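Worksheet: one structure, shown below.
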Amino acid sequence: MKILLAGINAKYSHQNLAIAYIKNYLKKENVKTIDFNINQNLDDIYREILKEDPDLIGFSTYIWNIDFVQRLSSDLKKAKEDLLIVWGGPEVSFDNQELMEENPALDVIIRGEGEETMAELVKAIEEKKDFQEVLGISFRHQGQILINPDRPLIKDLDSLPSPFENYQAPSGKMVYYEMSRGCPFKCAYCLSSIVPGLRRFSTPRIKKDLLALIASGADTIKLVDRTFNANEKFSMEIMDFILDHARKGMCFHMELMAHLISDEFLKFLEKMPKGLFQFEIGIQSSNLQTLEAIDRLADLDRLGHVVKTIKSYGNIHQHVDLIVGLPYEDYKSFKRSFNYAASLGADKLQIGFLKLLRGSKLRLEADKYGLIFSKYPTYEIIKTPYLTPLEIRKLKIFEDVVEKYYNEGYFARTIEALVDPENPFEFFQDLADFWEESSFQNLKHSRQALYEIFATFIRKNYGENADRIIEKLRYDFLANNKAFPKKFLNPKAVAANIYHDLLKDQALRKSFGLSMDQTTKKLVKDFVFQKFVDSKNQEKVLGFFYGPLGTNIVDITKDYERIVYGIH
């Protein structure tokens, strides 16, 4: 029997961890894993699976791929009637009767953790035994849908063979890694809330896996643990271990509950090198009634203190998250939540829209709170008693401009000049309104187009101050793009024939950390020199050097006057 385990990921850069665990647990030569992504052509995926000619195919299902899995399963069953089709994963661990009635090509559903269940299912097939003894599955039998009892959770996670022994990380892919399963918290929108307790792999096992990942060539490792700092002592031990062994350029991304971080942990974080860790911190809302409804009470003052303190260190990239559509959160309440989140100064402010996941407490309580959501994946919120469908649509456009103009970091100086720190929501709402009025939400935009759109918005809304603000936009453009600014940015270029004079000067080169070894002819292509007017209406000359470590920006006004005009 040939077994194929298929993961259909949200992006090319992702990999499916579940199928890797199951393959290793089965310990069979006839098992193969294959990763696809939802940006691929469905027919191409179908043909690749046909080429493998499996006897059993197992799909790992999630809200982002279930449509693909349903269509693939239907077509594959028609192409090969004796193919056994098995679904597992969070998207199909609930509502099994409904799922199997709607998908006649589906033979078996594995609910919950899949390693032991898949092993017993495969054994039953090989030994031609009845499936009724396999815990944790739902299946078809003589025209009926049978739902077996749940399987107990795996007590000893170390019993699961590591998928990272002799592992080589694919180039350009993020690697997922779990240190634990479950979560100590019970957030009503999250499936982790319904799994009792928190189980962790042993510390020696985790350290062994981390060493294997570091040796694998992986650059970005995302820890899928719901709360990395559930045990602070353990968290610090693991971070110290990573610090001691990680290769240069590696990055570890983890989710934390910021309000639980102690002063001791804060001091510990201060010593971490820049770029090694990224934190994702869920706020979801600043409305206390909302937080109570979703079982996520948090000390917002403490959370704010922690995020701002970490920000002051300048060494850890932070994301903070909000969710649109939660109970009791109307438009004004979301505005307050956004302003609170923005005030923390995190590197990214991610806005998600409530998804009523199968099996989640909030889905079960949707009628109680009047939450109306899509019947189809991703089960996204349509309306609530507090937000109309049009208000949610408006916030979709709002989220889009926040993502483009705040989260990417390409407009930092301009945003800082325009945003009222007490009410950043108002600025982004104005920008979103302009975006919609111009129908930009229906188009794709290059990065340069975003600068041009922003310049148009500034000229339309800021009158006599527009040119002063465009100066900052031009600075942002040059800081983030190796290119000469276009006319819409009011370029004030240094004459091209002066570039060589500037770059032949030893003192000027030294200000950029450059020696005289490299020829001027080769250096010229890595520089842009532009004139700017500062807040005191004085002209300055800035040099932008696009080197291997990023953009180096230096005020060369005095050197420029000395070299060009002979002023000392």
Side-chain angles (χ1 to χ4, degrees), residues 15-27 33 60 88 90 110 112-120 135-136 150-169 174-186 190-218 220-247 250-257 260-262 264-265 268-269 272 276-280:
Q15 292 179 278
N16 189 289
L17 182 58
I19 60 175
Y21 266 109
I22 291 173
K23 179 182 186 296
N24 274 32
Y25 194 82
L26 292 177
K27 298 178 182 177
T33 62
S60 184
I110 292 178
E113 292 176 306
E115 292 91 351
E116 291 179 346
T117 305
M118 179 61 95
E120 287 192 17
L135 296 179
D150 291 339
R151 177 176 297 278
L153 296 172
I154 299 169
K155 290 183 179 180
D156 179 15
L157 293 181
D158 282 7
S159 66
L160 301 175
S162 172
F164 300 109
E165 292 182 7
N166 303 314
Y167 176 73
Q168 290 297 314
M174 180 185 296
V175 178
Y176 290 90
Y177 179 61
E178 63 176 359
M179 299 184 187
S180 61
R181 294 183 178 179
C183 182
F185 303 100
K186 301 298 177 185
C190 180
L191 289 184
S192 294
S193 66
I194 63 175
V195 179
L198 175 69
R199 295 161 294 142
R200 184 182 291 119
F201 290 87
S202 70
T203 301
R205 160 66 181 268
I206 290 169
K207 290 180 177 179
K208 182 180 179 183
D209 280 349
L210 287 172
L211 288 175
L213 283 168
I214 290 166
S216 75
T220 303
I221 297 171
K222 183 169 184 177
L223 306 183
V224 298
D225 307 75
R226 288 301 181 188
T227 309
F228 175 72
N229 62 322
N231 181 317
E232 214 169 67
K233 183 179 178 182
F234 167 79
S235 303
M236 289 191 280
E237 180 180 354
I238 293 301
M239 291 180 79
D240 261 337
F241 184 82
I242 292 171
L243 177 61
D244 289 341
H245 295 90
R247 302 183 334 272
M250 292 190 77
C251 177
F252 290 77
H253 182 104
M254 57 265 288
E255 297 182 30
L256 296 91
M257 283 281 203
L260 299 179
I261 292 177
S262 68
E264 179 187 0
F265 197 9
F268 170 83
L269 294 175
M272 292 297 136
L276 181 57
F277 296 105
Q278 287 186 357
F279 289 170
E280 186 169 344

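Quantities reported herein were computed from a predicted structural model and do not represent experimental measurements.
- Donor-acceptor pairing under 3.5 Å is recorded for the side chains of Ser262 and Glu232.
- Heavy-atom minimum distance, Ile110 versus Gly114: CG2-CA, 3.9 Å.
- The shortest heavy-atom contact between Phe252 and Met254 is O-SD, 3.7 Å.
- The heavy-atom pair separating Leu17 from Pro163 by the smallest distance is CD1-CG, 4.2 Å.
- A cation-pi contact, defined as under 6.0 Å to the ring centre and within 45° of the axis, links Arg200 to Phe234.
- One finds a salt bridge joining Glu237 and Lys207 here, because a Lys/Arg side-chain nitrogen approaches an Asp/Glu carboxylate oxygen to under 4.0 Å.
- Taking Asp150 as the reference, Arg111 meet the side-chain hydrogen bond (donor to acceptor under 3.5 Å, both in side chains) condition, with sequence neighbours excluded.
- Between Phe228 and Phe279, the distance separating the two ring centers is not shorter than 6.0 angstrom.
- Note: Phe241 and His245 have tilted aromatic rings, judged against thresholds of 30 and 60 degrees for the angle between ring planes.
- Counting heavy atoms from C-beta outward, Phe277 and Met239 have side chains that approach closer than 4.5 Å.
- More than 12 heavy atoms of other residues, nucleotides or ligands sit less than 6.0 Å from atom CG of Asp156.
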Worked check of side chain to side chain donor-acceptor pair (under 3.5 Å) between Ser202 and Asp158:
CA-CA 7 Å; Ser202 70; Asp158 282 7; 2.5 Å; yes

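- With hydrogens and angles left out, the side-chain atoms of Asp225 and Ser180 include a donor and acceptor closer than 3.5 Å.
- Between Glu264 and Lys233 there is no salt bridge, since no side-chain N of the basic residue sits under 4.0 Å from a carboxylate O of the acidic one.
- Glu115 and Arg181 are joined by a salt bridge, as a carboxylate oxygen and a charged side-chain nitrogen come within less than 4.0 angstrom of each other.
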